[in-house]
A.B. asks: 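Please see the structure below; I have some questions.
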Amino acid sequence: MPNRPSICIVGAGLTGLVCARKLAQRGFRVQVVEQHSTPGGMLSSVRIGHEYIELLPHHIRKNDRNVLALLKELGLHEDISWHDSYWYGRAGRKKLGYPEKGFHSLISALSQEITDQGGIIYYGYTVMDIDVSEDEKRQYRVSCVLSDCTTIVLDSDVVLFTGSCRNLAHITHNLDLPTDFRDPLMDITYKANMSLLLVMKSPFTGCFSRPFGDDYPFQRIIQHTNLVGERRYGGHILYLSGSFHTSHPMWTQSDADVFKAFFKSLQKLSPSLVRSDIKTWRLTRTRYALPTSVPELPLTSPLPGLFLSSLAMVGDNVVSSEYRMDPTIALAGETVKMIEESISGRSLPGTGTVIERIY
Ligand SMILES: Cc1cc2nc3c(=O)[nH]c(=O)nc-3n(C[C@H](O)[C@H](O)[C@H](O)COP(=O)(O)OP(=O)(O)OC[C@H]3O[C@@H](n4cnc5c(N)ncnc54)[C@H](O)[C@@H]3O)c2cc1C
C-alpha cells in the first residue's frame with residue numbers, strides 16, 4: 001500500500017494493544033514499545049501451578065459492553081464463565097465473569113493479531129524521549145533505553161502514548177508543546193497500588209470480596225478461587241490489595257516487609273493462621289494505578305501526529321475510585337478514530353509527507 005503511515009505506540013497494556021491491533025488492521029505500520037518484558041501492563045499474568053493468573057485481581061461484569069465486544073471479535077466470548085460472587089456484609093450476589101484461561105488469553109490474542117498483521121512489539125524498551133527529526137521528513141524520533149543501557153531510536157509518522165500523563169510530560173521536553181497542554185499533564189496525580197497474590201493451602205474466607213478500613217494495610221481482600229474454583233493453581237488464590245499515595249511509608253518498604261505487614265493483619269483476622277499455610281506469594285506495585293484528579297479540558301495533543309490515550313482521560317471529569325477495563329477500551333476505540341481522521345490528507349508531523357486516507 002503506498003504511503004502507509006507508521007505509528008509508534010508507547011505501552012503494551014490493554015490500551016496500547018487494542019489500538020495497535022485496530023491500526024494494524026487498517027494498514028498502519030505498527031511498532032509497539034513496552035518497558036517490561038511481557039505485555040498486559042496492569043492486566044499482566046503469571047503462571048501459578050498449571051494456570052495463568054493476573055498479578056492484580058481482574059473480573060468483568062455483565063454490563064462491560066466494550067470488553068465483551070472485544071472478546072467476541074477475538075473469538076473468546078464463549079470462554080467466559082459467569083459466577084455468583086458473595087460480598088462480605090452485602091445481601092445478594094453479583095454475577096462476575098472470568099475467562100476459561102484467565103485474561104492472559106485476551107492479552108495473548110491481541111499480541112498475536114498485531115504480529116500477524118505485520119506489527120512489531122518490542123519488550124524491554126523504555127521510552128525516554130520523543131523528538132522530531134531535523135530533516136525534511138520531520139518524523140517523530142522515539143528514543144528507547146534497553147536493559148543494557150543502549151539507546152535505540154525508532155522513527156514514525158505518528159506517536160500514541162498510553163502511559164501516565166506525567167510520564168508523557170517528562171519525555172516530551174524536547175517537543176514544542178504549549179504550556180496549556182503540558183501543565184495539565186503534570187497536574188494529574190495518581191494513587192499507587194500494591195497487590196499481594198497469595199497461594200494458600202486452604203481458603204482464607206468464605207466470601208469473594210471483603211473491604212477493610214484504615215487500620216489495615218490493604219483495603220480489600222479477594223478470594224479469587226471462591227469465584228472460579230480451585231482450577232489447577234495448586235492452591236487457593238487470595239489477593240490483598242491497597243491503593244495509596246506514594247508518600248505512604250509502605251511504598252518504600254521492601255517486598256518482604258510489606259508481606260510481613262500484610263500477613264500480620266491476616267493473623268489479626270484469623271489467629272490460627274501460620275506462615276506455612278501460604279505456599280507462595282508475589283507482590284506487585286503499580287505506580288500510576290488510579291488517577292486522583294482528571295484534566296478539566298480534553299487532553300488532545302496540539303501537535304499533529306502526537307496522541308495520548310491514558311487512564312486519566314477516562315471518566316468525564318469524574319474521578320472514579322474503581323478500576324475498570326471497559327471505559328479504557330471505549331477510549332482506545334475513540335483514539336483510533338481520532339488518529340485515522342486526523343491523518344487523512346494531512347501533513348505529518350509538521351511539513352512532511354501527505355498521507356492519503358488508507359482504506
Ligand atoms: C488493582 C487493580 C485491579 C483491577 N481490577 C479490574 C477488574 O477487576 N476489572 C476491570 O475491568 N478492570 C480492572 N482494573 C483496571 C484495568 O487493569 C485497567 O483499566 C487497564 O489494564 C488499563 O490499561 P492501560 O493500557 O490503559 O494501562 P497500563 O496497563 O498501565 O498500560 C500502560 C503500559 O505502558 C507501559 N509504559 C508506560 N510508560 C512507558 C514508557 N515510557 N516506555 C515504555 N513503556 C511504557 C507500561 O509499562 C504499561 O505496560 C484493575 C486495575 C488495578 C490496578
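Whatever order the structure lists ligands and atoms in, that order sets their numbers, starting from 1. Numbering starts at 1 and runs along the sequence shown.
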A.B. asks: Is the backbone N or O of Met186 less than 3.5 Å from a side-chain atom of Arg166, with the two atoms forming a donor-acceptor pair by type?
C.D. replies: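 Checked: pair present.
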A.B. asks: Are there any N/O pairs under 3.5 Å between ligand 1 and the protein, and if so, what are their distances?
C.D. replies:
| from | atom 1 | to | atom 2 | distance (Å) |
| --- | --- | --- | --- | --- |
| ligand 1 | 5 (N) | Pro57 | O | 2.9 |
| ligand 1 | 8 (O) | His59 | N | 3.0 |
| ligand 1 | 8 (O) | His59 | O | 3.3 |
| ligand 1 | 9 (N) | His59 | O | 2.9 |
| ligand 1 | 11 (O) | Arg324 | NH2 | 3.4 |
| ligand 1 | 11 (O) | Met325 | N | 2.7 |
| ligand 1 | 12 (N) | Tyr323 | O | 3.3 |
| ligand 1 | 12 (N) | Met325 | N | 3.1 |
| ligand 1 | 14 (N) | His58 | NE2 | 3.2 |
| ligand 1 | 17 (O) | His58 | NE2 | 2.7 |
| ligand 1 | 19 (O) | Arg324 | O | 3.1 |
| ligand 1 | 19 (O) | Thr328 | OG1 | 3.1 |
| ligand 1 | 25 (O) | Leu14 | N | 3.1 |
| ligand 1 | 25 (O) | Thr15 | N | 2.9 |
| ligand 1 | 25 (O) | Thr15 | OG1 | 3.3 |
| ligand 1 | 26 (O) | Thr15 | OG1 | 2.6 |
| ligand 1 | 29 (O) | Met42 | N | 2.8 |
| ligand 1 | 38 (N) | Asn167 | OD1 | 3.4 |
| ligand 1 | 41 (N) | Val127 | O | 3.1 |
| ligand 1 | 41 (N) | Asn167 | OD1 | 3.0 |
| ligand 1 | 42 (N) | Val127 | N | 2.9 |
| ligand 1 | 44 (N) | Gln35 | N | 3.2 |
| ligand 1 | 47 (O) | Glu34 | OE2 | 2.7 |
| ligand 1 | 47 (O) | Gln35 | NE2 | 2.9 |
| ligand 1 | 47 (O) | His36 | ND1 | 3.3 |
| ligand 1 | 49 (O) | Glu34 | OE1 | 2.6 |
| ligand 1 | 49 (O) | Glu34 | OE2 | 3.1 |

A.B. asks: Can you get from Ile237 to Leu269 by hopping between Ile, Leu, Val, Met, Phe, Trp and Tyr side chains that sit under 4.5 Å apart?
C.D. replies: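 No: no chain of side-chain contacts under 4.5 Å links Ile237 to Leu269.
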A.B. asks: Give a yes/no verdict on a cation-pi contact between Arg47 and Tyr52, requiring under 6.0 Å between NZ or CZ and the six-membered ring centre and an angle within 45° of the axis.
C.D. replies: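 Flagged: Arg47 positioned over aromatic ring of Tyr52.
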A.B. asks: Measure the CZ-CD distance between Phe28 and Glu340 for me, rounded to the nearest 0.5 Å.
C.D. replies: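 Going from CZ on Phe28 over to CD on Glu340, the span is 6.0 Å.
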A.B. asks: How would you list, by chain and number, every residue that makes a salt bridge (charged side-chain N to carboxylate O under 4.0 Å, His left out) with Arg287, sequence neighbours excluded?
C.D. replies: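 Expected list: none.
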A.B. asks: Nearest 0.5 Å please: distance from the OG1 atom of Thr15 over to the CG atom of Leu43.
C.D. replies: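 Nearest 0.5 Å value for the OG1-CG distance: 10.5 Å.
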